Amino acid sequence: MQTQNPQALPGCRIFPDFRDKITAMPFIESVETFVEAVGIEKALSFFNDLIARHKTAEVRTLSSLKSVHVMIPKLEGDYQTVQDLKKKHEAEDKFDIQYMLTDDLYSTATIDPSKDSIYFWLGAKTMVEFTYDEAMDLLQDQIAKNKEIREKLQEELDFHKKQITMGEVSMSRLFNYDVEMKRRTAEAEKEEL
């Protein structure tokens with residue numbers, strides 16, 4: 001049942017919006033038709049599986065979103081630092097600056113205003129020299145890209161939350177239908193006696 005296309009499920013309608021190659025949650029238009037076609041156990045298993053997939057994707061998306069939320073302020077701070085350095089360079093003032101070596105260790109450096117470039121530590125033992133304008137352009141591009149990524153991740157997170165809610169509603173409709181059918185069966189058996 002897990003691999004079945006929800007479009008082919010009787011009594012279901014799916015709203016086309018696929019992300020992360022996870023099937024969107026089908027809406028059960030007719031619980032009775034759906035259960036008669038696939039059975040209650042398979043139906044519950046199907047929705048339980050889809051809910052689990054969307055919850056996993058939600059956790060992954062939330063983790064990525066947190067990373068982007070942390071990155072944007074760092075980039076904006078770096079941009080402000082480069083702007084300040086450029087102003088000092090234009091004023092041709094020699095000045096001291098504190099910079100972070102590690103999370104809890106800072107050092108002081110004297111900046112020579114005659115130098116018209118800045119070095120970016122990119123990681124993986126890579127340092128690149130940029131002019132102030134190039135560095136500011138790079139940082140602006142990175143800020144804009146991270147804001148775009150944040151918007152897309154937020155949309156994806158909202159999608160998964162809606163899918164989870166829709167799946168939980170479908171599960172409760174299936175449980176309610178199952179309880180009602182068991183009650184009717186029990187009443188029919190009592191009447192026969």
Side-chain angles (χ1 to χ4, degrees), residues 2-3 6 14-25 47-171:
Q2 293 171 345
T3 59
I14 191 160
F15 300 99
D17 191 358
F18 297 90
R19 306 204 177 153
D20 283 345
K21 298 180 183 175
I22 298 175
T23 304
M25 203 64 66
F47 279 99
N48 202 27
D49 179 54
L50 276 180
I51 290 169
R53 288 181 188 191
H54 282 286
K55 283 185 178 182
T56 301
E58 178 187 31
V59 168
R60 187 180 65 246
T61 303
L62 192 56
S63 174
S64 298
L65 190 59
K66 285 179 182 177
S67 297
V68 171
H69 276 301
V70 168
M71 184 60 71
I72 291 172
K74 283 183 179 180
L75 289 169
E76 288 171 342
D78 292 345
Y79 180 79
Q80 186 62 46
T81 301
V82 173
Q83 256 186 334
D84 292 345
L85 288 172
K86 183 178 178 185
K87 286 178 188 173
K88 295 281 187 180
H89 168 74
E90 290 168 353
E92 296 184 10
D93 292 336
K94 204 174 212 181
F95 62 97
D96 290 337
I97 188 170
Q98 284 193 336
Y99 62 95
M100 185 171 58
L101 287 174
T102 63
D103 288 339
D104 55 355
L105 180 63
Y106 287 81
S107 184
T108 304
T110 301
I111 306 295
D112 181 10
S114 64
K115 189 86 168 143
D116 189 24
S117 61
I118 188 169
Y119 293 90
F120 275 0
W121 180 263
L122 301 178
K125 300 179 183 179
T126 306
M127 186 176 277
V128 180
E129 182 178 9
F130 291 101
T131 65
Y132 289 114
D133 291 330
E134 290 172 338
M136 288 170 55
D137 290 343
L138 175 70
L139 288 168
Q140 281 180 328
D141 288 345
Q142 290 301 310
I143 291 167
K145 285 178 185 174
N146 275 277
K147 286 182 177 180
E148 272 182 42
I149 291 169
R150 180 179 60 188
E151 286 178 22
K152 288 178 183 176
L153 287 171
Q154 188 60 53
E155 286 176 17
E156 188 173 333
L157 184 63
D158 292 342
F159 169 76
H160 290 302
K161 285 182 178 182
K162 287 177 186 174
Q163 295 302 301
I164 291 166
T165 301
M166 198 166 159
E168 289 170 347
V169 167
S170 294
M171 290 277 289

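These numbers come from a predicted model, not from an experiment. What's counted below: heavy atoms across the whole structure, side chains too, no hydrogens, waters or symmetry copies.
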Does the side chain of M136 reach to within under 4.5 Å of the side chain of F130, using non-hydrogen atoms?
-> no

Quick check: does any side chain N or O of Q163 sit under 3.5 Å from a backbone N or O of A24, one acting as donor and the other as acceptor?
-> no

Decide whether a cation-pi geometry holds between K88 and F95; the criteria are a distance under 6.0 Å from NZ or CZ to the six-membered ring centre and an angle within 45° of the ring axis.
-> yes

Might you work through the side-chain contact (heavy atoms from CB on, under 4.5 Å) test for K86 and D133, ending with a clear yes or no?
-> CA-CA 8 Å; K86 183 178 178 185; D133 291 330; 2.5 Å; yes

Would Y99 and I111 count as a side-chain contact (heavy atoms from CB on, under 4.5 Å) if you check the C-alpha gap in whole Å, the side-chain angles of each, and the deciding distance to 0.1 Å?
-> CA-CA 11 Å; Y99 62 95; I111 306 295; over 6 Å; no

Kindly check if the number of other-residue, nucleotide or ligand heavy atoms within 6.0 Å of CD (E92) is above 12?
-> no

Please identify each residue that fulfils side-chain hydrogen bond (donor to acceptor under 3.5 Å, both in side chains) with D84, with sequence neighbours left out.
-> Q80

Below 4.0 angstrom, N of the basic side chain to O of the carboxylate: do R53 and D49 qualify?
-> yes

With a 4.5 Å limit on heavy-atom distance, are the side chains of I118 and E129 in contact?
-> no

What heavy-atom pair brings L153 and V68 nearest, and what distance separates the two atoms?
-> CD1-CG2, 4.0 Å

Between D78 and F120, does a side-chain contact (heavy atoms from CB on, under 4.5 Å) hold up when you go through it step by step?
-> CA-CA 10 Å; D78 292 345; F120 275 0; 5.8 Å; no

Non-hydrogen side-chain atoms of L157 and Q154 separated by less than 4.5 Å = yes

One should read off an interatomic distance between E76 CD and Q140 CD, to the nearest 0.5 angstrom, of 11.0 Å

Hey, does M25 have a side-chain heavy atom less than 4.5 Å from the side chain of I51?
-> yes

CG on D158 to OG1 on T61, rounded to 0.5 Å | 10.5 Å

Which is it for E58 and H54 under the side-chain contact (heavy atoms from CB on, under 4.5 Å) test, yes or no, and what are the steps along the way?
-> CA-CA 6 Å; E58 178 187 31; H54 282 286; over 6 Å; no

Provide the closest heavy-atom pair for L101 versus S107 in the form atom of the first, atom of the second, distance.
-> CD1-CB, 3.8 Å

Is it the case that more than 12 heavy atoms not belonging to M71 sit under 6.0 Å from its CE atom?
-> no

Going by the angle between their ring planes, with limits at 30° and 60°, are Y132 and H89 parallel, tilted or perpendicular?
-> tilted

Within the distance-only criterion (no hydrogens, no angle test), does the side chain of S170 pair as donor or acceptor with the backbone N or O of M166 below 3.5 angstrom?
-> yes

